[in-house]
Number of protein chains: 2
Amino acid sequence: MATIKDVAEKVGVSVTTVSRVLNNRGYLSEDLKRRVHEAMKELNYQPNELARSLFRKKSNIIGLIIPDISHPFFGEFAKHVEEQAYKNRYKILLCNSQLDNKKELDYISMLKASQVDGIIMGSHTLDTEEFTSINLPLVTLDRQLSDSIPYVSADHYKGGVLATKLLIRKGCRKIAHISGNLKLHLLAKTRYDGFMDTIKKAGIPHVVVETDLNGFKYHEYEQIVADLFRDHPDVDGVFASSDVIAAQVLKECRRLGKKVPDDVKVIGFDGIKLGEFITPELSTIQQPIKEIAKTSVKLLIDQINGKEVQRENILPVKLLEKETT
Amino acid sequence: MATIKDVAEKVGVSVTTVSRVLNNRGYLSEDLKRRVHEAMKELNYQPNELARSLFRKKSNIIGLIIPDISHPFFGEFAKHVEEQAYKNRYKILLCNSQLDNKKELDYISMLKASQVDGIIMGSHTLDTEEFTSINLPLVTLDRQLSDSIPYVSADHYKGGVLATKLLIRKGCRKIAHISGNLKLHLLAKTRYDGFMDTIKKAGIPHVVVETDLNGFKYHEYEQIVADLFRDHPDVDGVFASSDVIAAQVLKECRRLGKKVPDDVKVIGFDGIKLGEFITPELSTIQQPIKEIAKTSVKLLIDQINGKEVQRENILPVKLLEKETT
DNA sequence: CTGAAAGCGCTAACAT
DNA sequence: ATGTTAGCGCTTTCAG
């Protein structure tokens with residue numbers, strides 16, 4: 001790898017001068033610029049970002065911690081985060097926590113040691129205290145932590161209400177909610193709150209089962225859904241906490257010979273792009289994933305640049321009524 | 001951020017000594033170690049990896065370039081790459097190329113400038129010459145480039161043969177193959193070759209349509225599949241080049257009132273984990289995604305460590321026969 | 001307008 | 001066993 005010194009020697013100037021044309025600082029004659037750029041090209045020179053970052057105390061790297069990149073929601077989120085980061089000349093260090101507390105902590109250390117400029121936290125197995133010690137620009141996805149850390153989230157409560165009201169309106173008499181993890185203090189939990197508030201007000205029999213206790217294990221959904229219909233064969237409406245789970249419900253209904261939406265009505269959550277193609281018939285509550293990603297990156301970069309940012313960022317959800325309700 | 005100097009001052013030793021205990025080199029008294037570690041803890045000290053990397057000329061970062069992290073195949077691939085990298089204490093810089101040539105080139109520059117130790121290339125819009133100038137440990141996914149660059153791939157040819165043979169055996173009289181991009185010189189193209197060799201030998205009428213000309217645009221699949229059945233209503237077997245496309249075929253069959261597998265038999269490709277839950281009935285050719293990822297990371301790290309590696313790494317596929325055939 | 005020198009945080013000879 | 005010094009590649013005062 002050629003260094004700035006090689007370029008300087010080749011042109012016959014000092015490294016300072018080369019650095020100047022590299023950063024376009026001060027007055028440089030056009031001729032000099034041309035010669036330097038030529039030498040750079042010839043030597044196939046690339047400035048060493050490590051050295052630059054060390055000096056500037058700014059790496060232009062953002063850490064992205066999520067539970068599982070292969071989960072369609074996070075895959076889509078990550079894609080948009082990358083897109084926005086790229087536009088702002090930031091790089092993404094990808095951290096898949098698998099909702100493993102040890103790994104999550106370890107990644108935070110690694111990110112700090114790597115001098116990332118900020119972190120987008122989409123995985124939340126940590127306690128509040130562990131967070132506040134991070135001491136780095138931070139944005140959390142779907143989780144409200146301390147007063148100082150901004151968070152971005154869809155309006156899960158509203159989503160829960162919309163989904164439940166739809167099932168009620170469509171005449172369901174016993175409604176099941178398959179929730180995500182309720183213990184992680186995620187804002188996604190308010191889907192559950194929206195469900196409970198609405199269903200209690202309507203006085204309709206209901207049942208709740210919880211998933212994702214140990215990460216996103218698709219094969220666990222299979223068992224959970226099967227158990228649900230075995231224990232409650234009279235359930236005629238299901239509000240699932242993700243489109244992936246909803247797809248699992250549809251599958252089980254097919255297996256049991258229950259007609260959707262005649263015998264059982266099903267609504268999912270997330271509105272992942274992939275779902276539109278794989279289960280296009282599924283009614284769902286759509287999260288504005290791209291907007292969530294955009295907002296997250298913007299809030300982070302604003303913080304990195306020392307700007308004040310808004311703490312609460314709740315983005316609207318949308319009911320997509322299709323054929324399963 | 002505390003530096004090594006702060007730790008040294010606090011303990012009352014030189015930075016060298018602190019560096020020594022940090023790296024566990026030479027003889028250090030237990031007492032000294034204890035005192036240094038204590039000071040580190042108190043100061044919340046983290047070694048600056050930028051400085052370390054600069055000195056060592058090794059960043060412990062791997063660049064991962066893929067077309068689209070939100071595509072389930074690449075999401076799953078990335079997840080396993082991350083897992084393997086993490087085990088080996090490497091970090092992942094995520095690059096989503098969107099199959100955009102300019103972005104891909106730009107990312108390669110950024111990765112080199114960032115002093116990554118190697119690159120896993122899963123996106124291939126570049127020419128061979130552009131590659132050979134990269135001059136960094138490299139592993140390509142699904143593409144055979146120069147003699148010196150190792151590649152990892154599933155046995156796509158075999159997959160094409162297996163899928164086609166299955167459709168023939170099940171009595172299909174006119175078979176369509178919906179291929180991926182055939183111009184990018186990917187090994188995935190040999191699915192097409194396997195299809196063609198097999199179908200010609202059997203002398204069965206067939207039709208081929210190509211997708212993914214401009215990246216993975218799910219909504220384009222919709223049109224392509226609709227056109228296929230409109231132009232060739234007598235097609236009774238479809239070999240789709242991915243599970244996502246196959247799901248689209250199933251959807252269109254439902255729309256047209258064609259029964260699967262009675263009227264039309266459908267087989268996909270990839271065998272993504274998500275598919276098992278969202279379209280569990282789909283017959284498919286399963287790629288060993290985790291093994292592909294593992295092999296890719298291993299080959300890359302071996303190269304980084306100066307080992308000789310095997311150039312060709314073709315991993316076996318598996319026919320998963322379900323209900324759509 | 002250009003260069004010499006110092007320093008970002010860390011490690012490794014080389015001494016002692 | 002520990003400290004002094006130089007240097008990784010770069011940028012930026014500060015002189016001239």
Side-chain angles (χ1 to χ4, degrees), chain A residues 1-37 39-40 43-61 89 109-117 135-136, chain B residues 1-37 39-40 43-61 89 109-117 135-136:
Chain A
M1 234 6 212
T3 75
I4 199 171
K5 209 177 149 196
D6 300 319
V7 179
E9 277 169 10
K10 181 154 186 124
V11 183
V13 293
S14 75
V15 293
T16 313
T17 305
V18 177
S19 172
R20 280 208 184 87
V21 348
L22 207 56
N23 297 287
N24 216 358
R25 290 225 201 303
Y27 292 101
L28 296 315
S29 78
E30 284 307 315
D31 181 59
L32 180 77
K33 280 191 197 171
R34 202 186 38 70
R35 276 159 52 220
V36 170
H37 281 126
M40 285 177 174
L43 290 171
N44 200 4
Y45 170 76
Q46 301 259 119
N48 184 329
E49 287 298 329
L50 249 33
R52 291 180 130 179
S53 299
L54 179 60
F55 182 88
R56 295 182 178 145
K57 298 182 178 312
K58 179 153 194 308
S59 63
N60 268 273
I61 299 180
R89 307 247 76 194
S109 290
M110 280 175 71
L111 290 177
K112 287 179 75 171
S114 301
Q115 312 297 116
V116 299
D117 296 331
N135 209 21
L136 213 60
Chain B
M1 249 332 234
T3 75
I4 198 171
K5 209 177 151 195
D6 300 319
V7 179
E9 277 168 8
K10 181 154 186 125
V11 183
V13 292
S14 74
V15 292
T16 314
T17 304
V18 178
S19 172
R20 280 208 186 89
V21 347
L22 207 54
N23 297 286
N24 217 356
R25 289 221 203 305
Y27 292 101
L28 297 314
S29 77
E30 283 307 315
D31 181 60
L32 180 78
K33 282 192 198 171
R34 202 186 39 69
R35 275 158 52 220
V36 170
H37 281 127
M40 285 179 176
L43 291 171
N44 200 3
Y45 170 76
Q46 300 260 119
N48 183 329
E49 287 297 329
L50 249 33
R52 291 179 132 181
S53 299
L54 179 60
F55 181 87
R56 295 184 178 142
K57 299 182 177 311
K58 181 151 192 310
S59 63
N60 268 274
I61 300 180
R89 307 246 79 195
S109 288
M110 279 175 71
L111 291 178
K112 287 178 74 172
S114 300
Q115 312 300 114
V116 299
D117 295 332
N135 209 20
L136 214 61

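Naming: A, B, ... by sequence-line order, numbering from 1 per chain. For clarity, every value in this text was computed on a predicted model and none was experimentally measured.
- Not one N or O on the side chain of A:S114 forms a donor-acceptor pair closer than 3.5 Å with the backbone of A:V116.
- Across C:dC8, C:dG3, D:dC10, the shortest atom-to-atom separation from the side chain of A:Y45 is found for D:dC10.
- Donor-acceptor pairing under 3.5 Å is lacking for the side chains of A:S19 and A:T16.
- Residue B:L54 has its side chain nearest to D:dC8 when only D:dC8, C:dT11, D:dT11 are considered.
- Atom-to-atom, CG of B:L43 to P of C:dG9 comes out at 14 Å; the value is rounded to the nearest Å.
- Between B:R56 atom CZ and D:dC8 atom C1' there is a gap of 12 Å when expressed in whole angstrom units.
- Comparing D:dG3, D:dC10, C:dC10 against the side chain of B:A51 picks out C:dC10 as the nearest.
- Residue A:L28 contributes atom CG, which lies 13 Å from atom P of D:dT11 at whole-angstrom precision.
- Phosphate proximity of C:dT11 to B:R25: absent, as no side-chain N or O sits under 4.0 Å from OP1 or OP2.
- Side-chain proximity of A:F55 to the nucleotides C:dA12, C:dC10, D:dC10 is greatest for D:dC10.
- In this model, no side-chain donor or acceptor of B:S19 finds a partner on the base of C:dA12 within 3.5 Å.
- Between the CG atom of A:L50 and the P atom of C:dC8 there is a distance of 17 Å, rounded to whole Å.
- With C:dC10, D:dC10, C:dT2 as the candidates, the nucleotide lying closest to the side chain of A:P47 is D:dC10.
- Around atom NZ of A:K5, no more than 12 heavy atoms belonging to other residues, nucleotides or ligands sit under 6.0 Å away.
- B:L32 comes within contact range of the sugar-phosphate backbone alone, with a heavy-atom separation under 4.0 Å but no base atom that close.
- A salt bridge links A:R35 with A:D31; the closest basic N to acidic carboxylate O contact falls under 4.0 Å.
- Checking C:dG9, C:dT2, D:dG9 against the side-chain heavy atoms of A:T3 singles out D:dG9 as nearest.
- Out of D:dG3, D:dG9, C:dC1, the shortest distance to the side chain of B:T17 is found at D:dG3.
- The side chain of B:K58 contributes no N or O atom lying less than 4.0 Å from OP1 or OP2 of D:dC8.
- One interatomic measurement links the two molecules: CZ of B:R52 to C1' of D:dG9, which rounds to 19 Å at whole-angstrom precision.
- For B:E49 (side chain) and A:M110 (main-chain N/O), no donor-acceptor pair under 3.5 Å exists by modelled atom type.
- Side-chain N/O atoms of A:T16 and base N/O atoms of C:dA4 include a donor-acceptor pair closer than 3.5 Å.
- Remark: B:N23 is in phosphate contact with C:dT11, judged by side-chain N or O atoms under 4.0 Å from OP1 or OP2.
- Across D:dT2, C:dG3, C:dT11, the shortest atom-to-atom separation from the side chain of A:R20 is found for C:dG3.
- Among A:D6, A:V36, A:V18, A:L22, the single residue meeting the side-chain contact (heavy atoms from CB on, under 4.5 Å) criterion with A:Y45 is A:L22.
- At the phosphate of D:dG9, OP1 or OP2 sits under 4.0 Å from a side-chain N or O atom of B:K57.
- Atom CD in A:Q115 sits about 9 Å away from atom C1' in C:dG9, given to the nearest Å.
- The distance between atom NZ of B:K33 and atom P of D:dT2, rounded to the nearest whole Å, is 11 Å.
- Between B:E49 atom CD and C:dT11 atom C1' there is a gap of 13 Å when expressed in whole angstrom units.
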